[in-house]
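Worksheet for the structure shown next.
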Amino acid sequence: MTGAPSPRPPAARHRPWPWCRQCTGIALDVGSARTRAWMSGRRSILDVPTVTVPGDSATHPVQRGTIVDTPGTARMLNRLLGHRLPRFGRPLLILTTPVLGGITYRAEARTAVEVLRPRTVLTVPTARAVAVAADTDLTRPLLVLDLGAHLTEVTLLTDGAVTDARHTALGTGDLGTGDLEGRTPTAQLTDAVGAMVTAMLDQDRTSQTLDALQRGVLLAGGGALRPDLTYHLSRRLRAPVRSVPAPHTAAVRGAARLLQAAHAHPSATGIPDMAHPH
């Protein structure tokens, strides 16, 4: 006679990630004009100018998507986040990076974030973070246009991975500078975006870029808050252009979602190859 089956052990219960003091996390988006951060346990996004020190003597340590002053960037991050970190424990940090920033940018950025004593640093392309924030279907090709203050990037994502990208050192911060080369700054910016997308179409031997363009361009960055730019970009590209909700904070919000996934299971982020254990 067989006995009654022994009861199954109760499933392990995990404390909600945002309130785990031992698992502090930081999502960070360092732009040329603004730096935005989200920390576990907080509901709001920290948003400050990207300057070395407040006041008249402030300088800009990040210019046109390039970190030109690594120590200054570190001081800015320490001023923003240093006093908010727990005394014990080291945070998991996810940092958005310009798609074409390359190894040099990631190396300088990782040096700067050392001031926050991270136990692990993950980097994610800004375009990927934007797509995650928008809850976009990444199984289909997607064009992401990130229109920042001093840098504009166009990125083709295929299955969530970057397959092509272009950038121009122009942004919304250049729109009030008057006529340039006989064209208004708005026209110059939209023409630059059009030229980048055209180059991507010309060099794509598949139909992915065209499929993504016909699907519609996902617009993020501060430029997405300007309806006139959205209108002119749509006309120039002859394709739908839709802004992600709260486009100026989309990158850091997407990074925060990846941060939560990384805490649950590192492979869920899809970026394990970019991990940098300390």
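In this text the structure is predicted, and so the values were computed from the model without any measurement.
Residue Arg235 qualifies as open at atom CZ: its count of foreign heavy atoms under 6.0 Å is 12 or below.
In this structure, CG on Leu85 lies 4.5 Å from CD1 on Ile26, to the nearest 0.5 angstrom. Here the CZ-CD distance, from Arg117 to Glu114, works out to 11.0 Å after rounding to the nearest 0.5 Å. The line from CZ of Arg64 to CG of Asp174 is 4.5 Å long, rounded to the nearest 0.5 Å. Interatomic distance, CZ of Arg226 versus OG of Ser243, reported as 12.5 Å (0.5 Å rounding).
For the residue pair Thr50 / Thr35, a side-chain donor-acceptor distance below 3.5 Å is found, with atom types taken as modelled. Inspection of the Glu108 and Thr70 side chains reveals an N or O donor paired with an N or O acceptor under 3.5 Å. Thr59 and Thr52 are linked by a side-chain donor-acceptor pair at a separation below 3.5 angstrom, with hydrogens and angles left out of the test. Looking at Asp29 and Thr96, their side chains do bring a donor and an acceptor atom within 3.5 Å of each other.
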(request) Under the side chain to side chain contact (heavy atoms under 4.5 Å, CB included) rule, what do Val154 and Val144 come out as? Steps first, then yes or no, please. (result) CA-CA 6 Å; Val154 181; Val144 179; over 6 Å; no
(request) Before giving the answer on side chain to side chain contact (heavy atoms under 4.5 Å, CB included), spell out for Thr73 and Val62 the whole-Å C-alpha distance, their side-chain angles and the decisive distance to 0.1 Å. (result) CA-CA 7 Å; Thr73 303; Val62 182; 4.0 Å; yes
(request) Test Arg36 against Arg253 for side chain to side chain contact (heavy atoms under 4.5 Å, CB included), laying out the working first. (result) CA-CA 9 Å; Arg36 298 177 174 98; Arg253 288 186 289 109; over 6 Å; no
(message) Test side chain to side chain contact (heavy atoms under 4.5 Å, CB included) on Ile94 and Leu28; report intermediate values, then the result.
(response) CA-CA 6 Å; Ile94 290 191; Leu28 191 59; over 6 Å; no
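The closest side-chain heavy-atom distance from His60 to Ser32 is not below 4.5 Å. Contact check for His167 versus Asp146: no side-chain heavy atoms found under the 4.5 Å cut-off.
Judged by distance alone, the side chain of Ser234 and the main-chain N or O of Tyr231 form no donor-acceptor pair under 3.5 Å. Using a distance-only test at 3.5 Å, with no hydrogens or angles considered, no donor-acceptor pair links the side chain of Thr123 to the main chain of Leu95. No donor-acceptor distance shorter than 3.5 angstrom exists from the side chain of Asp204 to the backbone of Leu201, with no hydrogens or angles considered. The main-chain N or O of Gln208 is found under 3.5 Å from a side-chain atom of Thr206 such that the two form a donor-acceptor pair.
Looking at Asp211 and Arg140, no side-chain N of the basic residue comes within less than 4.0 Å of a carboxylate O on the acidic one, giving no salt bridge.
Among all heavy-atom pairs drawn from Val130 and Ala220, the shortest one is CG1-CB, 3.6 Å.
Val99 and Leu156 are not part of a single hydrophobic cluster, where members link through side-chain heavy atoms under 4.5 Å apart. Both Leu77 and Val48 are members of a single hydrophobic cluster when ILVMFWY side chains are connected at heavy-atom separations under 4.5 Å.
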